[in-house]
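Shown next, in structure tokens, is the structure this report addresses.
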Amino acid sequence: MNVRSYYMNRIMKFTKALYFCIMLIISSTVSAQFQSHNLFVEVDVSKTGDEIVKYGRIVYNEKNSPRRKYFKKDVNKAMFLDTLSSDLNELPLEKRNTLFYIHGMWASGWSFLKGNHRKMQTEMWSNKSNPNGMVVTVIWHCKLNYFENKEMALKSGKILAPLIRQIHDVCALASDNSKTNYLIHSMGHRVFEAIWQDQLTENMKYHADNIVMAGADLETNAFEDGEVLQNIDYFSKDIVLYVHNNDRVLGVSKVINDKNRLGLDGIQNLDKVSNSILQVDVSVIIDNEDAPSRLSNHIYFYTSPTVRKDIALFYQDLAKEKFPRRKKLNHHKRVILEMPQDD
């Protein structure tokens, strides 16, 4: 073999090795991404007839920018459930889990939903470790008056409750091990309250696996006997309540209601609530990514990378010791989430 042939052979081997490495990197990058299905159900109790409930899909482009697409007006509940079933059956078995996302007051506008969906899609839902292959966003509309909005939230939940039960049924058929999870924010807890009350009338036939409650605009005794979320541990055995002691939005709610707020002041008496509930204090978290969230301390569930990661780990059903930023406090039902330390 002459010198030229020798070097040409070496160059060819190097080129093949380089090509293999590049393809391996691309493959690993792609495998780290996962595209969840995102459907939505929208309820507007100020409307009448067929306009009260609408259905649709949230789609993402290559930059993970979301776009809302309404289904045709003749699409009814049965057709929506068929779409849900079809989408679930397209997923790998381990991804056939459903997350209900219920937003807070004044958050039904697309500019807000677009922002939080983009962030959660990029950081949580498209992650290969995300178990929730299906996301169902519950969009509910309200007005300006706080107390009127509270009633609209309850009414929205009551209207949607039968559909939520049917979604649970569809999810159960998708896989023997399918799970249903919830992510609830602010006054969205009033929507959830009505859904939970419906579960009670159904003799608690349905259950959820993991529930995240962030910035809950409820009273601090909400989980106690005789209150709106009593016996919630029959519905879910794993509930995380995020609390921020300088949540300025809930500070206003506290003044309006003249009562302490669950997402601001925390659970009134931890000894009176189920062991299924863990209170996570996020008061020292300062990595919210924009000025409004830093000012309000209310939407940290999607604007704080530290909180987003904690929520993502929770949905993965990890053991308690797998949460690196949680530190135990003076009660076994209470921890504090700490900021990552600089290396």
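Bear in mind that the values here come from a model prediction, so they are computed numbers and not experimental data. For reference, positions follow the sequence shown, starting with 1.
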We want to know whether [X] and [Y] form a side-chain donor-acceptor pair, criterion being a heavy-atom distance below 3.5 angstrom.
| X | Y | result |
| --- | --- | --- |
| Asn38 | Ser36 | yes |
| Asn97 | Ser178 | no |
| Glu42 | His141 | yes |
| Asn181 | Asn132 | yes |

Taking [X] for the side chain and [Y] for the main chain, is one N or O donor matched with an acceptor at less than 3.5 Å?
| X | Y | value |
| --- | --- | --- |
| Arg248 | Leu295 | yes |
| Asn297 | Asn246 | yes |
| Ser253 | Val249 | no |
| Tyr315 | Ile211 | no |
| Asn288 | Asp290 | no |
| Asp217 | Ser186 | no |
| Asn127 | Ser129 | yes |
| Ser86 | Asp82 | no |
| Trp140 | Val45 | no |
| Asp209 | Thr180 | yes |

Using a 6.0 Å cut-off, check whether atom [atom1] of [X] has over 12 heavy atoms from anything other than its own residue.
| X | atom1 | answer |
| --- | --- | --- |
| Tyr146 | OH | yes |
| Lys237 | NZ | yes |
| Asn61 | CG | yes |
| Arg294 | CZ | yes |
| Lys333 | NZ | yes |

Please report the shortest heavy-atom distance between [X] and [Y], naming the atom on each side.
| X | Y | result |
| --- | --- | --- |
| Leu113 | Ser108 | CD1-O, 3.5 Å |
| Met339 | Ile286 | SD-N, 3.5 Å |
| Lys259 | Arg261 | O-CD, 3.2 Å |
| Arg326 | Leu278 | NH1-CD2, 3.3 Å |
| Val284 | Leu337 | CG2-O, 3.2 Å |
| Arg96 | Ala174 | NH1-O, 3.0 Å |

Distance in Å, [X] [atom1] paired with [Y] [atom2], rounded so as to fall on 0.5 Å steps:
| X | Y | atom1 | atom2 | answer |
| --- | --- | --- | --- | --- |
| Arg308 | Glu289 | CZ | CD | 4.0 Å |
| Ser293 | His298 | OG | NE2 | 12.0 Å |
| Phe100 | Cys171 | CZ | SG | 5.5 Å |
| Leu250 | Met187 | CG | CE | 10.0 Å |
| Ile336 | Gln279 | CD1 | CD | 10.5 Å |
| Asn210 | Gln316 | CG | CD | 10.5 Å |

With a 6.0 Å cut-off on ring centres, are [X] and [Y] close enough?
| X | Y | value |
| --- | --- | --- |
| His117 | Tyr101 | yes |
| Tyr206 | His168 | yes |
| Phe301 | Tyr242 | no |
| Tyr55 | Phe71 | no |

Hydrophobic clusters here meaning ILVMFWY residues chained together by side-chain heavy-atom distances under 4.5 Å, can you tell me if Leu84 and Leu93 are in one?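 As far as the 4.5 Å side-chain criterion goes, Leu93 and Leu84 are not connected within one cluster.
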Worksheet item: Do the side chains of Leu88 and Ile164 join up, straight or via other hydrophobic residues, at under 4.5 Å, putting them in one cluster?
Response: yes
Only one of Glu219, Lys254, Gln268 passes side chain to side chain contact (heavy atoms under 4.5 Å, CB included) with Asn260, and that residue is Lys254
### Message
Consider side chain to side chain contact (heavy atoms under 4.5 Å, CB included). Of Leu229, Ile277, Val280, which one does Met213 pass it with?
### Response
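By the side chain to side chain contact (heavy atoms under 4.5 Å, CB included) criterion, Met213 pairs with just one of Leu229, Ile277, Val280: Leu229.
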Please evaluate residues Phe192 and Ile232 with respect to the criterion side-chain contact (heavy atoms from CB on, under 4.5 Å), reporting the C-alpha separation (whole Å), side-chain torsions for both, the decisive distance (0.1 Å), and the verdict. CA-CA 11 Å; Phe192 177 75; Ile232 192 66; 3.9 Å; yes
Under 6.0 Å from the ring centre and within 45 degrees of the ring axis: does the NZ or CZ of Lys54 meet both conditions for the six-membered ring of Tyr70?
yes
Practice item. Go through the steps to decide whether Asp238 and Phe314 satisfy the test side-chain contact (heavy atoms from CB on, under 4.5 Å), and finish with yes or no. Key: CA-CA 9 Å; Asp238 215 346; Phe314 174 63; 3.5 Å; yes
Note to self: Applying salt bridge (charged side-chain N to carboxylate O under 4.0 Å, His left out) to Arg165 and Asp198, what does each step give before you reach the verdict?
What the structure shows: CA-CA 9 Å; Arg165 281 190 268 114; Asp198 176 78; 2.6 Å; yes
Checking side-chain contact (heavy atoms from CB on, under 4.5 Å) for the pair Val135/Leu39: CA distance, chi angles, key distance, verdict? CA-CA 6 Å; Val135 178; Leu39 299 177; over 6 Å; no
| task | Could you walk me through whether Asp281 and Arg334 pass the salt bridge (charged side-chain N to carboxylate O under 4.0 Å, His left out) test, one step at a time? | result | CA-CA 8 Å; Asp281 190 327; Arg334 184 168 176 253; 3.8 Å; yes
Requested in this report: With side-chain contact (heavy atoms from CB on, under 4.5 Å) as the test, would you mind laying out the steps for Ser236 and His207 before giving the verdict?
Outcome: CA-CA 6 Å; Ser236 175; His207 78 280; over 6 Å; no
